[in-house]
Every structure is written in C-alpha cells, then in structure tokens.
2 protein chains.
Amino acid sequence: MATIKDVAKKAGVSVATVSRAINGKGYVHEDTRKQIDEAIRELNYKPNEVARSLFNKKSRLIGLILPDIRNPFFPELARGVEDEMQEHGFRLIIGNADEKLEKELDYIETFKQNNVIGLISASTNEVLSHYDNLSFPLVLLDRTSVEHPSVYANGLDGGRLAAKELVSRGCKRISVLKGPVETQTARDRFKGAVDELYTANVHFDVMTTSFAFQEAEYWAKELFSKYPDTDGVIASNDVVAAAVLHEAHRLGKQIPEDLQIIGYDDIPFSQFLYPPLSTIRQPAYDMGREAAKLLIKLMDGKKVENKNILLPVQFIERQTTRKVERDD
Amino acid sequence: MATIKDVAKKAGVSVATVSRAINGKGYVHEDTRKQIDEAIRELNYKPNEVARSLFNKKSRLIGLILPDIRNPFFPELARGVEDEMQEHGFRLIIGNADEKLEKELDYIETFKQNNVIGLISASTNEVLSHYDNLSFPLVLLDRTSVEHPSVYANGLDGGRLAAKELVSRGCKRISVLKGPVETQTARDRFKGAVDELYTANVHFDVMTTSFAFQEAEYWAKELFSKYPDTDGVIASNDVVAAAVLHEAHRLGKQIPEDLQIIGYDDIPFSQFLYPPLSTIRQPAYDMGREAAKLLIKLMDGKKVENKNILLPVQFIERQTTRKVERDD
DNA sequence: TTGAAAGCGATACCAG
DNA sequence: CTGGTATCGCTTTCAA
C-alpha cells in the first residue's frame, strides 16, 4: 500500500502539499496538482482511512443497529439507510443486536471505538440511556422518543386501521397480538387498536407474542387453544401473521370466511402467502432513507426543524380479509 | 474519552507500562498492574481501536459481503458468521453488494481502508480477480473456487435430490428454474438436476430467473405462460418457489395434485407457505459459522488441511410435493 | 521492571 | 503557493 509519503516523493513535493491537493483545502498550483494526480494514479494511492480517522476523530462510517436481521422488515430498513448513505459516500456498519441489550452495548462500543460519525438505531430496548452521551448524532428508527431525533411510522393509525378494517368486515371476536416490546410506537399501535375496538364495542382478547420466526408457530398454536372462537386476528407483525395463517390452515379454517387476519409491516413475503396477506404497511425502505437523510443533516450541523419524522401507514387489502364490507 | 495518557498519569506510570499491562506483553509488576487496573476502571478507559489499528495495521473488524440482504437466506448466513465472530471478540462489517460488482468493489475498498483482518464473501460475481491481492485472508461462502478457501453446500446433491424427488413422485414435465448466477455451486446444482432428469428420461424445460422478490412474480407468470403443462417445478430458490406457488394458486392449480414444487435454501418463511414448501435445505447458519471458524484459523496462521468445506444438503419434505411415492 | 522516544499515515498550523 | 513539524492514541524497541 502506497502512503502519502510515497506520493510526495514521486511528485517531488512535500506531504503537506499532497494532503492539500487531495482534500482540496488550501492552495496548490495547477501544475503541482497535475504532478500529484499523476503520482497518485501511478501508485494507485488511496488515503489510509484509519490514519485520517485517528487525526480527525472522524471516520466515514455510520453505525446501524438492527434488533433482528432475520426479520425481513429490518433488512428493508437497512437497504433504505444504505442507499442514501452510499450516495453520500458514507459506509455502514450493521450491528445485529438480537434484541439483547448486551449485544447492543457491544456494538455501540465498537462504533465508538471505530469513530463512527453517526448512528441509526432501530433497537427495541425499552431504555435508551446508553444513547445519552454519544459524541456523534443519533437517529432512532422505527421508534421514537422526545429526547432523540427519530423516524417512525404512525402506530396509532396503524393499530386503529387494523381494528377498523376488521370490525367493518364483520369480526365479532378479535384477538389482538401484541409484540414483546415496549417502545412508544408499539404502545401506540396497541392503543390504536384497542381504542378502536372499544369504540366499536367489539369483543377482543389480548395476547403478547414474540416477533421471531422461531417462536411464531408456538404463539399461533397458543392463540387458537386459548381463543378457539376468534374470528379476527390483528397480528403483531407479518411473521406472526404468517404463522397464524399456517396454523389456521392446519386447523381447517377457511380464510377469510372463518377467520380474518391482518398483519403488520408488509414484508415482501406477505404477498406470496396463501391467501395473500392483508396487512398494515410500514414504508420500511422510505423510513430507512429518511432516517439517513435526517442523520446526514444532523452530522452537517444543520438546523433541523422537525426532529421527529412521522411516516404514514397504509392498509394493504389482500385476501386474508373479506372482499366486501358488510355490517351483519 | 480517556486516553492511555490519562491512565498513565492517574496510575503514576508511563504510557509504555500501561500499554504493556493492557496487552499482557512484557513485564509489569503486580502492584503496578493493580494501580493501572484501578485507574482504568475509574476513568472507564477503553483503548482507541483506531490508534491501535493504525499502528498494528490490524483492526478487530471482519468484512462480510452479502449479495442481497433482502433475501432471507443471507441474513441467516450472516447470523452464523456473526455468532462465531462475536465469541472470538471480532466485529462484523456487513456490506450488501446488491449483486453489483461496483458496490462490491466499494465495500472491499472500505474494508481495506479500515484494516479489516479478514473477509468472508458470499458474492455472486462470476469473476473473483478482485480478491487476488488482499493483505488479509479470505473465505468464500456459499460458493467455491480452487484458489480460495470456501464453505459451501453440495449443489450437485441438491440439484440431483430435487430432480429425484420430483421424478419419483410422478412428474412428467419438469421445469428447471436456474438462478442468474454463474458460480460453481450454481452450475453444480443445475448439472445435478439435469443429469438426474436425463438419466430418468423425463422431459424438462429450463428457464433462467432472478433470485429477487421484485422479479420473482414476473418469472412465475413467465413460467406458466411458456410451459403451461408443467407438472413439476425445481425452483432456483425459495423466494422464487413462493412466487411460483402464488401464481399457481392464482391459476387455480391444485398443489401438489396438478403441480409439485421444490424450493431451494429452506428459508424460515417456507414452512409458513401454503401448502408448506418442500425444499432442499442448505444449512445456512452452519455454513456461516463454519466460514467464520475457517477464517479465524486462517487469521491465526494455522495450517488448514481442508480449505474447501462442503456441507450436505437435505430434502425437506413438506406439502408441495405428493405424500406417497408412486411410479404411475 | 520501567520509561523515553520513534513511528504508524494523515492533517493543519505557521513560516517562509 | 509550499514545506517543516506537531499531533492524533497507541505499540514497541532499547536503554536504564
């Protein structure tokens, strides 16, 4: 690997001049610049990011914390973040926290130690105190908080929407599946659903489930054993919805005649389920991109008027809900 | 952030001694060590990885290149790698190459510039020449090559198995869906299927498809428009299989009576499809872990006798294939 | 057993 | 417009 010294020697100038040329700071004579460019090309010189980082106390790395990389919702978020960052010349370190605080802290430490210049976290941990004294800006993703900038989707609407669509399609005994997390958005989501159900005066039961594949099947069985008469399920996410759908088939239920199901997230797979899953869509990719944009503004020290960006959710009608509205 | 200097001052020793104490190299008096430990604790000192990295030309970072983070197979691989690396105190930088050479090169550059000490690549790019002059060890994952160490699954068996199971279940007009990539494992897979089909003297058609969600649906439609009479599909992966299954439903086909489908990979979602997807399982998580183990050995400079680790695949019988074998 | 000092590769101040 | 040099935080001789 060629160093700046090699370039300086080859170009017959000092390292200081090379540095100025590379960074476009300070004066460099046109002719000198050419010599330097030439030398750089010949040596295939690339500045050493580590040395830069040591001096500047800044890398070009961005940290991204995901709760569970196996849940397709999060890679989608990640892609949004990545695409935006890529366009600005930043690189991503993805940390999979596995919904464990310890791993999350580990990654934060790694990020600090590698001089990341910004952090986006979709952590599902209830407490956020470990984000308090960071030396770089932070954006929360898929969650919100008054203390930190954030990009999230409208959970209240989401919950409400899910409930409304089910009620308007004639469900009488609805099961609300709650995720395991206690973030504001999760609470909103739950509140939205419950509020709507109260208002509509429809009977409902609540069950708390995991979000993960490994346990989704267990919860689906549990659901039908506890509430065998349920005729409408508001799932905690699409993964759980898929498991519920699967279990419903196993039990010989007709979907959507006997049972209607609404998922949450709209991951790519949901369209391929049978019947295709009706769900509340969170604009994951856009959320990621927005979070990246916000973080970039913050890193640039720009004034940001709106630090908490709320994105809309949307009911995606497919075929786990009945086609025609009716009031029975 | 406290530096080694602060620790030295607080402990009343020189930075050299602190360094020795931290790294357990050279002599440090027991009492001095205690002082230092004490100071470290009080100051909550963490060595600056960047400075270390600059000096050593080595970080504790491992690069991981994934072709497409949205395809659930790859997060699964990533988890295997991550878990093993985590246990050894290494950290992962995940780069999503998006099946584009340019992005892949970009990440490799980032990895070099950040002094990664090892690289695992699941790249699907046909050429590998950009991996030739690396200053750190490389392990190929989910592909193989004579020049580089690798961990991969048995494609020949996989293809053969898929074909055999379909043939033995009475398929007469099989469609073989080929992935878009030209890696050895992909070729093996295809060859395995075709060989078996030839041997069994069963009619088959071949179609090349993408692996991605976005295009899977298109290919599924294409498949049935080109080969409406097909009664058995060997899909390029589970994502494509899901799309085929979906399209088959749309066309009113009975699965597995009219049409049998075998996927590839066995991603977590496949069990929730309807009917649950029969597929060839690649042990993704284990593959990731093995790759990590192999890389660690390589980084340690250990002699590795077997540089190309082949893992077995397995037919997972679910319900897109018929239950009973029959010969018609 | 310890510490002074050189150096990893780059940046930026300050003189010239 | 250019170059010498201190500096970033840490590791590692080498001498004491």
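So that the names make sense, note that chain A is the first sequence line, chain B the second, and so on, each numbered from 1. Values below: all heavy atoms of this structure, side chains included; hydrogens, waters and symmetry mates excluded.
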Nearest-Å distance, [atom1] ([X]) to [atom2] ([N])?
X      : N      : atom1 : atom2 : answer
B:L54  : D:dT7  : CG    : P     : 17 Å
A:N115 : C:dT11 : CG    : C1'   : 15 Å
A:I22  : C:dA10 : CD1   : P     : 7 Å
A:E30  : D:dT2  : CD    : P     : 10 Å
A:K58  : C:dA12 : NZ    : P     : 11 Å
A:K5   : D:dG4  : NZ    : P     : 12 Å
A:N56  : D:dT7  : CG    : C1'   : 12 Å
A:R20  : C:dT11 : CZ    : P     : 11 Å

Considering every strand and a 4.0 Å limit on heavy-atom distances, what is the contact class for [X]: base, sugar-phosphate, or nothing?
X     : value
B:V18 : nothing
B:V50 : nothing
A:T32 : sugar-phosphate

Of B:Y27 and B:K57, the one whose closest DNA chain C nucleotide lies more 5': B:Y27
Considering only side-chain heavy atoms of A:I4, which listed nucleotide, C:dG3, D:dC10, C:dT11, is closest? C:dT11
Hey, is the side chain of [X] poking within less than 4.0 Å of OP1 or OP2 on [N], counting only N and O atoms?
X     : N      : result
A:T17 : D:dG3  : yes
A:R52 : C:dT11 : yes
A:S19 : C:dT11 : yes
B:S14 : C:dG3  : yes
A:K25 : C:dA12 : yes
A:N23 : C:dT11 : yes

Under a 3.5 Å threshold, yes or no: a donor from one side chain and an acceptor from the other, between [X] and [Y]?
X      : Y      : value
A:N96  : A:Y107 : no
A:S53  : A:S59  : no
A:T185 : A:R143 : no
B:Y131 : B:E104 : yes

With distance as the sole test, does A:N48 use its side chain to make a donor-acceptor pair with the main-chain N or O of A:V50 at under 3.5 Å? yes
